[in-house]
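First comes the structure, then the notes that go with it.
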Amino acid sequence: MTPNPALKGRTADTVKLLINGSFVESRTGEWHDVVNPATQEVLAQVPFATDAEIDAAVAAAKAAYKTWKNTPLAARARIMLKLQALVREHMSRIARTLSAEQGKTIADAEGDVFRGLEVVEHACSIGSLQMGEFAENVAGGVDTYTLRQPIGVCAGITPFNFPAMIPLWMFPMAIVCGNTFVLKPSEQDPLTPMLLAQLALEAGVPPGVLNIIHGGKRAVDAICTHPDIAAISFVGSTAVGTHVYNLGTQHGKRVQAMMGAKNHAVVLPDANKEQSLNALVGATFGAAGQRCMATSVTVLVGEAQRWIPDIVAKAKTLKVNAGSEQGTDVGPVISRAAKQRILGLLEDGVREGAKLELDGRGIKVNGFENGNFIGPTIFSGVTPTMKIYTTEIFGPVMVIVGVQTLNEAIDLINKNPFGNGTGLFTQSGAAARKFQNEIDVGQVGINVPIPVPVPFFSFTGSRGSKLGDLGPYGKQVIQFYTQTKTVTSRWFDDSTTGGGVNTTISLK
Ligand code: NAD
């Protein structure tokens, strides 16, 4: 083998590509640092795969599909059973890697892995999930039935904020349905998905069934236009998701894009104050606000507007520190660039006249002076035209809007371009029922701050938060990763005679 010039002079560990069952060094000239957001330590360098490497990954997936699609259901399910056992066994190792490259606390990193693990558990019941339908005697001696068949090579493009859960939303469900897969994880935290891929191979996923390439826009565009890719599952921002959806569908692919958010939590004055405010503060500032389902707008209705000082007092108790440290509530944001973007939005909020109730901009964390920290920040008096209201901030920031009625709150939320998640805090069943009926948002929580569905339901989304009809897990994902074939059959008894040429289409 000729020496790989791409590795010359490289001191940090290199992230590998996974092609046809082997972890291989890229020969690319483009490498990016994977950085610990609490310390700026370079953990590894990730290659942006060449066009030839992307083609090789897709070719491996295409070749493997020929046999994998006919692998018995039970054999596929058994691999998922093994994978779930391995992920469980290696949970703390995965969580430590995840925390180092993403910044989350260890407890939150374990939650990230666990929510993905639940999808692997769901994949184990593929035997009953992938069943077709059967109707006997749709006409005399005629039966009709459906087959749910895999669709070919599928691809996944994932964001930085859940480097375990979101890859696990995708490849287990795609491959358990009989497809093969090419994953392109976020270039900001690719080490966690690589650990999951190692476990998948150990569990028995055959060569070529799961492949991983790394990269940015060029790799994403190659996936969207590649003639041998049948379907793409994307999770990330609305701008990139819309691009992926448009380019992918123009090239004949089935695409689902789960995208950005601005999640409103509505607090009615009859809510259980202590429980609701605790939930709100956790849902806003946990994971440094970098959850697609984080509460980003708090809507206080009527008398509940008096609770602002209580919210501020609770936010002040949160401990900002590196995710690796005991007792941390709020870790760093993912990168220096993300920190600068968030600080710019906070400046906009001040300039536009919102009241800064709690200012986390100047925070210093002892021992982690280089970390990308922003302390919990709260604005009140926010109006729907302010940039801090219209833009997804994706940081530890709460914007508070005051309204007088539940109707006003519903109207505000339904006018927002995003429709990912929302919540209502109340003790009134009538108010809750009205809210769930009238709100146009994918995930609704009633006294539940981050209503991410468990895997037997599907993750949904409305308006600017989702493109494509079907969600990434639950029953919908089986439809996404399969196509239905409808067979109408009649069997002639050898002794049957008669009949004649029939020129009508009726089966009566
Ligand atoms: P992102 O859109 O920047 O990146 C997502 C993926 O697209 C990554 O793999 C990245 O490499 C790639 N990418 C980045 N820029 C690109 C470009 N110009 N062209 C093509 N591909 C590009 O998102 P992110 O910052 O990694 O993640 C945060 C975003 O993801 C937030 O908007 C958040 O709300 C959203 N998100 C949504 C959900 C959901 O289920 N709705 C879940 C998690 C995150």
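All ligand and atom numbering here is 1-based and tracks the order in the structure. Keep in mind the model is a prediction, meaning the values are calculated, not measured. Just so it is clear, the values below take in all heavy atoms, side chains as well, and ignore hydrogens, waters and symmetry mates.
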I166: numbered ligand 1 atoms lying under 4.0 Å from its heavy atoms: 42 (C), 43 (C)

Protein contact of atom 24 (P) of ligand 1 - nearest heavy atom, named by residue and atom, plus distance: F160 CD2, 3.6 Å

For atom 12 (C) of ligand 1, closest protein heavy-atom neighbour: V220 CG2, 4.1 Å

For atom 40 (O) of ligand 1, the protein heavy atom that lies nearest, with its residue and separation: F459 CE2, 3.2 Å

Which residue and heavy atom of the protein sit nearest atom 18 (N) of ligand 1, plus the separation: K217 CD, 3.9 Å

D221, portion touching ligand 1 at heavy-atom distance under 4.0 Å: neither

Closer than 4.0 Å: a protein non-hydrogen atom to atom 4 (O) of ligand 1: no

W169 neighbourhood, listing ligand 1 atoms whose heavy-atom distance to it stays under 4.0 Å: 40 (O)

For atom 22 (C) of ligand 1, the protein heavy atom that lies nearest, with its residue and separation: V240 CG1, 3.4 Å

Non-neighbouring partners of H32 that pass ring pair (Phe, Tyr, Trp, His ring centres under 6.0 Å), sequence neighbours left out: F48

Residue S237 vicinity, atoms of ligand 1 by number, heavy atom under 4.0 Å: 1 (P), 2 (O), 23 (O), 29 (C), 30 (O), 32 (O)

Protein contact of atom 8 (C) of ligand 1 - nearest heavy atom, named by residue and atom, plus distance: T158 O, 3.2 Å

